[in-house]
Amino acid sequence: MKITTSMITASLIAGAFSVNTAFADTQRWSPEKAKGWYAKQRWLVGSNYANASSINQLEMWQADSFNPAEIDKELGYAEGIGMNTMRVFLHDLAYAQDPEGFKKRVSTFLDLAAKHKIKPLLVIFDSCWDPAPKAGPQHMPIPGVHNSGWVQSPANAVLLDESQHPRLKAYVEDVVKTFAKDNRILGWDVWNEPDNTGGGGYKQLDEKVKTAAVAKLLPQVFAWARAQDPIQPLTSGVWHGDDWTAAGPLNAVEKTQLSESDVISFHDYGWPEGFETRVKQLVPYGRPIICTEYMARGNGSTFDGDLPIAKKYNLGMINWGFVKGKTQTDMPWDSWEKPYVMRPPILWFHDIFHADGKPYRQAEVDMIKAMAKDAEKSFKGK
């Protein structure tokens with residue numbers, strides 16, 4: 001195998017593992033380039049976003065249910081509290097239905113985001129929840145259940161069928177190429193929680209089968225996106241396990257995530273002490289760090305606990321959940337075992353706003369707004 005500069009760089013940084021760049025046409029960003037890009041960004045603060053009337057990615061992006069008026073209104077809530085990014089999930093089936101129309105809708109979304117001074121992080125694939133997505137009208141939410149309609153991309157059947165991977169390649173290449181030089185986009189999260197077996201009440205793949213399949217495909221996804229030479233960084237966030245250091249017990253998927261990401265990203269839904277431990281494990285990789293999922297109030301993950309730590313380490317922060325809607329992520333994860341039908345939880349698990357823009361907790365939005373304002377002053381003073 002040909003040894004490339006990106007492989008040598010990653011080996012020096014990560015030490016304990018090597019990089020599979022057999023598919024790569026261009027190089028991973030150097031730490032210096034990544035830091036230079038990050039220095040040009042405002043303090044990144046935002047939410048994972050799906051509009052209130054969408055139960056999942058398909059309902060958000062399909063032509064019959066795409067709702068730019070609602071998106072415009074809700075992104076206005078984000079701008080109003082100083083948020084400047086949103087993590088937004090795409091879907092291969094929405095693209096397959098109508099590639100040109102899908103890309104036009106993504107561009108419309110980017111126009112709306114830019115109007116509100118928001119640069120989204122776009123997620124290409126996702127391994128969470130329903131493993132058998134179907135294009136077309138989506139079912140109504142299951143009463144009282146968290147994320148009861150969210151769908152994986154690609155479907156497990158497609159993941160295991162290598163004859164369908166050229167279709168996935170075409171999707172990644174076309175979408176990234178279309179927006180590769182687009183300053184409206186913050187970056188590309190190529191695969192959300194790729195080795196997650198899925199969760200929920202679905203029949204899922206065995207963990208070893210899922211991990212092996214993703215470990216084979218994930219380096220290719222990085223390469224497909226990187227071959228389009230985007231001006232935006234690529235990432236995929238580590239999310240489970242206790243030790244993310246280079247010497248830690250990383251599986252093949254995590255090794256790819258940490259050795260191929262231009263900027264490091266991670267998820268943490270625990271108490272602030274654990275959050276800071278995670279950060280300390282990732283700092284030695286020498287790259288900008290963005291937490292792309294956090295904030296589960298019932299788990300001890302809160303704005304109050306995590307945002308001050310983020311400022312201390314100069315982390316970007318993107319919480320899960322924005323507007324209470326059809327995703328029902330105000331419900332906790334355990335609602336899959338005991339749906340909150342008769343009595344909704346008093347404590348919202350995720351989400352910040354009611355659909356009408358009223359904050360769930362005024363103190364939270366006041367804190368976000370104040371911290372974002374202070375960060376903006378510092379940024380302008382550079």
Evaluate whether atom NZ of Lys181 has more than 12 neighbouring non-hydrogen atoms of other residues, nucleotides or ligands under 6.0 angstrom away. yes

With no hydrogens and no angle check, is any side-chain donor or acceptor of Ser153 less than 3.5 Å from a backbone partner on His91? no

Between Phe275 and Phe266, what is the ring plane arrangement, given parallel below 30°, perpendicular above 60°, and tilted in between? tilted

If the plane angle is over 60° it's perpendicular, under 30° parallel, otherwise tilted; pick one for Phe322 and Tyr49. perpendicular

Salt-bridge contact Asp206-Lys208 (side-chain N to carboxylate O under 4.0 Å): no

For residues Asn56 and Glu59, is any side-chain donor paired with an opposing acceptor at under 3.5 Å? no

Closer than 4.0 angstrom, basic N to acidic O: yes or no for Lys177 and Asp229? no

Would you mind checking if Asp130 and Lys203 are paired as a salt bridge, meaning a charged N to carboxylate O distance below 4.0 Å? no

Please examine the side chains of Trp188 and Pro230, heavy atoms only from C-beta on, and report whether any two atoms are closer than 4.5 Å. yes

So does Glu260 pair up with Arg28, basic N to acidic O under 4.0 Å? no

In terms of side-chain heavy atoms, does Ser236 have a donor or acceptor partner in Gln257 at a distance below 3.5 Å? yes

Specify whether Tyr95 and Tyr171 have parallel, tilted or perpendicular ring planes, treating 30° as the upper limit for parallel and 60° as the lower limit for perpendicular. tilted

Chi angles and distances behind the salt bridge (charged side-chain N to carboxylate O under 4.0 Å, His left out) call for Glu173, Lys169: CA-CA 6 Å; Glu173 290 182 336; Lys169 181 174 185 282; 2.8 Å; yes

With Lys103 as partner, the option from Thr108, Asp174, Asp98 fulfilling side-chain hydrogen bond (donor to acceptor under 3.5 Å, both in side chains) is Asp174

Is it true that the side chains of Glu70 and Ser53 contain a donor and an acceptor less than 3.5 Å apart? yes

Looking only at side-chain N and O atoms, does Ser301 offer a donor or acceptor that is under 3.5 Å from a partner on Asn299? no

Quick check against the 3.5 Å criterion: does Gln138 have a side-chain atom that pairs as donor or acceptor with the backbone of Gly136? yes

In terms of the angle between their ring planes, are Trp333 and Tyr269 parallel, tilted or perpendicular, with boundaries placed at 30° and 60°? perpendicular

Among Leu258, Asn196, Thr211, whose side-chain contact (heavy atoms from CB on, under 4.5 Å) with Val253 holds? Thr211

Quick one: does Arg297's side chain have a donor or acceptor within less than 3.5 Å of a partner on His350's backbone? yes

